[in-house]
Amino acid sequence: MKIIDLLSVDAMIMDLQATKKSDAIKEMVNKLYEAGRINDKATFEAGIVAREEQTSTGLGDGIAMPHSKNGAVVKPTVLFAKSSKGVDYESLDGQPTFLFFMIAAPEGANDTHLQALAGLSRLLLNPDLIDQLKGATKPKQVISLFDEAQKKYDEEHNEMTEAKASPERPFVVAVTACPTGIAHTYMAEDALKNKAKEMNIDIKVETNGSEGVKHHLTKEDIENAVGVIVAADKNVEMARFEGKHLVNRPVSDGIKKSEELIDLALSEKAPVYHHSGGSDASEESGTGSIGSQIYKHLMNGISHMLPFVIGGGIIIALSFLVDQTMGVPHSELSKLGSYHPFAAQLNTIGGAAFGFMLPVLAGFIASSISDRPGLVVGFAAGALANAGGAGFLGALLGGFIAGYVVEFLRKMLKGLPKSLDGIKTILFYPLLGVLITGAIMLVVNVPMAAINTGLNNFLNGLSGGNAALLGALLGGMMAIDLGGPINKAAYVFGTGTLAATVATGGSPMMAAVMAGGMVPPLAIAIATILFKDKFSQKDKDAGLTNVVMGFSFITEGAIPFAASDPLKMIPSFVVGSALAGALVGGTGIKLMAPHGGIFVIMLVNKPILYLLFILIGSFVSALVLGFLKKKVVE
């Protein structure tokens with residue numbers, strides 16, 4: 001497949017009207033939707049915006065390549081857009097952008113599609129092609145120009161794939177990577193190769209893109225290289241570069257500052273890289289604040305834990321539902337969920353998965369801190385927290401203890417002979433780590449178990465005004481940053497309460513959290529129907545998709561709207577979400593599943609009332625939004 005197979009005359013804008021970045025994105029996304037290349041504008045736009053938040057895709061020299069690998073994409077496409085006025089796209093060189101290539105790749109994009117998209121990145125390094133595209137006036141001209149450029153590129157670059165060290169010329173190695181792995185990865189690769197050719201230098205470039213790792217650097221390559229260049233915006237394998245002069249820069253520098261990077265690698269003025277023995281992830285992001293590091297480690301544990309909680313929790317909840325449907329004598333209510341044989345089997349299966357919740361949480365927090373050696377120590381800490389009654393909070397603390405114990409052992413054992421390096425990971429770290437962490441956990445479990453019991457008693461004793469107040473707080477937190485740290489904090493708290501209550505009918509706080517998270521996208525959908533004169537046609541179309549997102553508990557569906565007008569949107573969302581959370585908490589509605597939205601409604605003890613409160617919160621948010629928002633003139 002060639003790049004011209006991904007271009008379409010129906011997905012081109014030859015005179016882009018927008019002059020601001022957000023408007024340009026909306027205009028291009030709308031064109032993709034009109035061309036039938038995406039089926040959900042809000043979801044695709046959210047993906048584009050999320051990529052832009054990492055670093056601008058405005059590459060400079062008047063070019064931008066916004067891109068997203070996204071579930072809303074129906075057919076892989078490259079939208080071409082040309083602006084005569086120029087757009088302030090926050091480009092890396094601070095100059096206006098005139099040419100746009102919006103890449104829409106489906107989540108299941110195969111290697112053929114990804115190779116074609118990577119090919120686009122390489123072609124855009126040709127200044128002649130850029131000049132010709134700026135002068136194009138018709139879509140067919142654009143396709144013809146790319147076809148000619150592709151043929152020329154194929155002729156000139158067939159011999160540049162696998163460079164090897166030679167005694168006649170200096171040799172450097174490089175790794176390029178970007179979060180999406182579609183565009184910048186390959187543009188940086190070609191920029192470095194082209195500049196090395198100009199400078200009469202041999203170079204081998206490993207790409208870490210959506211196709212996986214290509215042109216992998218061998219041990220021999222690294223040993224023979226004068227220096228190493230890492231041009232990456234995501235974690236790459238770093239331990240192999242121990243003792244080499246290494247230049248570590250963003251992927252954009254690989255594109256725009258390729259000569260500077262090669263000069264640094266050759267001059268041996270770049271710092272000598274020393275691998276600490278920790279995870280590459282922690283090393284690459286180690287410059288962040290202590291708070292950001294703790295958040296990253298916590299989220300690593302939570303993200304790995306959630307599938308166990310969701311899968312196991314829902315199956316346990318189904319066992320309750322089976323018993324309730326088939327009937328359980330009042331005298332046997334304590335056996336609810338295990339009274340009938342089928343319910344008991346479901347409970348056993350769900351309990352097996354749910355039982356991994358705390359060990360997995362602690363294990364992957366520790367793994368984020370100290371890589372693979374921390375995993376077994378963290379698992380042990382989580383299991384001890386579970387057995388000792390320390391619960392969710394104990395496992396969370398245990399994960400951090402385990403991770404830092406392993407880091408302490410790394411430093412203590414650093415002076416051992418090199419010949420013992422292999423045995424450290426399989427013997428010393430797990431043996432000493434589990435022993436030390438286990439001893440600490442036996443002590444920590446005593447106060448943490450008391451805190452856990454006190455918290456559970458507090459939650460079980462909540463009713464009326466107190467439960468409503470906590471429900472309002474959690475519901476409101478879900479709407480403040482729509483998937484950000486505050487939203488995640490409320491969700492983690494709700495999940496933690498579920499761990500202690502799933503066997504007794506579920507958690508009111510988990511119910512409040514999910515209700516609060518469902519309100520913002522539903523409020524958008526309602527507002528676009530009730531206040532049609534206050535939304536553009538594009539927003540009204542996107543608003544309808546938020547019905548599905550809202551009922552599916554995908555709070556992020558409201559992000560594009562919040563980003564466009566946060567001062568009006570966010571307060572509106574918070575009011576409705578807090579109200580829904582308060583109503584749910586105050587009436588003691590319980591939820592036995594940590595996710596699922598309307599699809600797990602039968603796992604709520606008062607399903608009709610629960611849906612009613614969510615709709616009340618959504619309508620209140622919509623009305624506040626309609627009051628605050630001004631009329632839109634199309």
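Residues take their numbers from the sequence shown, with the count starting at 1.
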Of all residues at least two apart in sequence or in a different chain, which pass the ring pair (Phe, Tyr, Trp, His ring centres under 6.0 Å) check with [X]?
X	result
His304	Phe364
Phe241	none
Phe80	Phe101

Results of side chain to side chain donor-acceptor pair (under 3.5 Å) for [X] - residues two or more places apart only:
X	value
Ser258	none
Gln17	Asp15
Tyr429	none
Asn200	Arg169

Inset, instruction - Indicate whether any N or O donor in one side chain lies under 3.5 Å from an N or O acceptor in the other, for Thr218 and Asp221. - result: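 The criterion, which ignores hydrogens and geometry beyond distance, is satisfied for Asp221 and Thr218.
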Who pairs with [X] by side-chain contact (heavy atoms from CB on, under 4.5 Å), at least two apart in sequence or on another chain?
X	result
Asp253	Arg249, Pro250, Lys257, Leu261
Glu223	Lys219
Glu259	Lys195, Met199, Asp263
Ala265	Val172, Ile229, Val247

Legend entry - Lys/Arg N to Asp/Glu carboxylate O, Glu206 vs Lys214, below 4.0 Å: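 Lys214 and Glu206: not salt-bridged.
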Inset, instruction - Output yes when Lys193 and Glu189 qualify as a salt bridge under the 4.0 Å nitrogen-oxygen rule, no when they do not. - result: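 Yes, charged N to carboxylate O under 4.0 Å.
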Inset, instruction - Please name all residues satisfying salt bridge (Lys or Arg N to Asp or Glu O under 4.0 Å) with Glu27, sequence neighbours left out, ordered by chain then number. - result: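 Glu27: no salt bridge (Lys or Arg N to Asp or Glu O under 4.0 Å) contacts found.
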